[in-house]
Number of protein chains: 2
Amino acid sequence: MSSSLSESQKDLIERIGVYHEQQGMQPLMGRILGLLLILDDAEATFEDIIEHLNVSKSAVSTALNVMQIQNRVAYRTKPGERKRYFYLNMGNWEKDIEKELHEIAKVGEFVQEALTLRSNKKTEFNSYLQNLCQFMEYFKKQIPRLFRDFENSKS
Amino acid sequence: MSSSLSESQKDLIERIGVYHEQQGMQPLMGRILGLLLILDDAEATFEDIIEHLNVSKSAVSTALNVMQIQNRVAYRTKPGERKRYFYLNMGNWEKDIEKELHEIAKVGEFVQEALTLRSNKKTEFNSYLQNLCQFMEYFKKQIPRLFRDFENSKS
DNA sequence: TATTTGGTTCTTTTTTTGGTGAACAAACAA
DNA sequence: TTGTTTGTTCACCAAAAAAAGAACCAAATA
């Protein structure tokens, strides 16, 4: 297998795993993400993953399949070899982040719907909700600008 | 208990519950959040919650305790009564959203750390990571401005 | 053709989660 | 004092999630 990992590398992989787990990802998927981010080659074979993370073939197989469907990883093969070299698909991190931001903004839509069902018995509470909705609408509109302005700030 | 819920109210509570569940919250906590958002009174007693959501006392007790520690709900009592009236703490939704945005930005810190451990073997991959980090730094800096500009846009 | 390699699929096992219900405690009421 | 209301705690349980292990399969190789 590719060279063994240092303690600090293993530690970072673990923390990246826990982070992603808390974001709702399956534990092993988070670790694989971390591993592929930390390895100098930025890629790993099936076997590499099994040995570095100490997990079973089947677990890796299913995790990788899900991650490929989600477009988080892809693989290539090297001429002559049959092994697959899996790597992170870094091509669309902007889209991923955009999706996460929109996910946060979804509360606004629920609150909006709640407002249509609420009486005006508690006006102060309602106006809090109004305010929250308005912020979320504003926020959603700002998302594209965020990416645009970032690109501009680079040049 | 306080008046029974309509189908559309129950449906919305359920959807709010599922949403929060997917965001990592315990199922019952998400439902309670939804309930307190939908009830006209914007508050509910222990009993109300048990009856509206069909759950046990103990489940409600533990859920409410966690939610109080997290500062999501609070309670008051009415003069003469011993019952607690729980309500959503809407006072700091800005802070909550800010926290969520910073949570997203955390990947940037992991990637930053990964870069310090990585060799320069894969320069293209590394520069993707650099770019992601830079975006996250930019993003974090923009967060306060987002709230500020929203406030200004209202007046 | 037989064997090895690289990976998949299916069944079983383990672990984690979320919730229940009964016993308990504190506060008040009769 | 005894009983009732309001809520907490803890031991237990069911279901779901995650991983393991073995059988399997297809492609390459001997």
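This one's a predicted model, so the numbers in the text were calculated from it and none came from an experiment. Naming: A, B, ... by sequence-line order, numbering from 1 per chain. Computed from heavy atoms alone, side chains included, the values below leave out hydrogens, waters and symmetry copies.
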Review item, nucleotides 13-16 of chain C N/O atoms under 3.5 Å of protein N/O:
none

Return the set of residues passing ring pair (Phe, Tyr, Trp, His ring centres under 6.0 Å) with B:Tyr87 (not counting sequence neighbours), or none when no residue passes. none
Just checking B:Glu81: does its CD atom have more than 12 heavy atoms from other residues, nucleotides or ligands closer to it than 6.0 angstrom?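 Result for CD/B:Glu81: enclosed.
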Who are the salt bridge (charged side-chain N to carboxylate O under 4.0 Å, His left out) partners of [X], not counting sequence neighbours?
X	result
B:Lys140	B:Glu109, B:Glu137
A:Lys141	none
B:Glu7	B:Lys10
B:Arg82	none

Between atom CD in A:Gln22 and atom P in C:dT17, what is the gap in whole Å? 11 Å
With the sugar-phosphate defined as primed atoms, P, OP1 and OP2, and the base as all remaining atoms, what B/S/- string results for nucleotides 5-21 of chain D, 5' to 3', for protein heavy atoms under 4.0 Å? BSBBBB-------SSBB
Tell me every residue that passes side chain to side chain donor-acceptor pair (under 3.5 Å) with B:Lys106, counting only those two or more places apart in sequence or in another chain. none
Residues in side chain to side chain donor-acceptor pair (under 3.5 Å) contact with A:Ser61, at least two apart in sequence or another chain: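 If we apply the side chain to side chain donor-acceptor pair (under 3.5 Å) test to A:Ser61, skipping adjacent residues, there are no hits.
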